[in-house]
**Q** 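First, the structure itself, so that you have it in front of you.
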Amino acid sequence: MNYWLMKSEPNAFSIDDLQAMPKQTEHWDGVRNYQARNMMRDEMKVGDQVFFYHSNCETPGIVGLMEVVRESYPDHTAFDPQSKYFDPKSSPDKPRWFMVDIKYIRHTNRVISLSELKEHEPLENMPLVRKGNRLSIMPVSKAEWDYILQLEEGR
DNA sequence: GCCAACGTTGGC
DNA sequence: GCCAACGTTGGC
């Protein structure tokens, strides 16, 4: 089983929004970065565990846990000229962008902020804490996953 | 294939 | 709102 972290701006789609969806499940659309796409398309498997991260907000940080419940399939928002994620270079017979379905598991008992994550040496190799990194989906090692869950209880 | 210009991300 | 970092675009 693999572990991941996925970013979303809470203004656009928050963990509360995910929790409120039917079956607490939603497709993770709008990824338009090749590195992120490749991980989602090729490596994310049903049952993988995912941190939900709120970005571009008052306190950026990890706010909850989710799980992959459907593996990659074409992101239909790329086909819709009305969508802000429209990409004319993607078509149903030759899709360029993909998404997975994600299910809410739980909120963390507090926001584990980016500034806190940066304080911990065992997490220093996470792309998340490195300056200028803009990946919206990134792998998390088992050690990092466990460390962060233990942090959640710590404060 | 290079690289300048431009757009986006996202912390602060 | 600012701006650093980075990805993408497009002229050449």
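Naming: A, B, ... by sequence-line order, numbering from 1 per chain.
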**Q** Tell me whether the side-chain N/O atoms of A/Tyr85 come closer than 4.0 Å to OP1 or OP2 in B/dT8.
**A** no
**Q** Would you mind reading off the distance between A/Tyr53 atom OH and B/dT9 atom P, rounded to a whole angstrom?
**A** 15 Å
**Q** Looking at B/dG10, B/dC12, C/dG7, which one has an atom nearest to any side-chain atom of A/Lys7?
**A** B/dG10
**Q** So which nucleotide from C/dA5, C/dT9, B/dC12 ends up closest to the side chain of A/Lys118?
**A** B/dC12
**Q** Give the nucleotide from the list C/dT8, C/dA5, B/dG11 with an atom nearest to the side chain of A/Lys131.
**A** C/dA5
**Q** Will you find, in the side chains of A/Ser14 and A/Asp16, an N or O donor that is under 3.5 Å from an N or O acceptor?
**A** no
**Q** Return whichever of A/Asn133 or A/Asn56 has its heavy-atom-nearest nucleotide of DNA chain C closer to the 5' end.
**A** A/Asn56
**Q** Over 60° means perpendicular and under 30° means parallel, so tell me whether A/Tyr34 and A/Trp97 are parallel, tilted or perpendicular.
**A** tilted
**Q** Parallel, tilted or perpendicular for A/His27 and A/His76, by the 30°/60° rule?
**A** perpendicular
**Q** Please state how far atom CG in A/Asp87 lies from atom C1' in C/dT9, giving the value in whole angstrom units.
**A** 13 Å
**Q** Side chain of A/Arg134 only, heavy atoms from C-beta on: which candidate in B/dG11, C/dT8, B/dT8 is closest?
**A** B/dT8
**Q** What are the two closest non-hydrogen atoms of A/Lys7 and A/Ser55, and how far apart are they?
**A** CB-OG, 4.3 Å
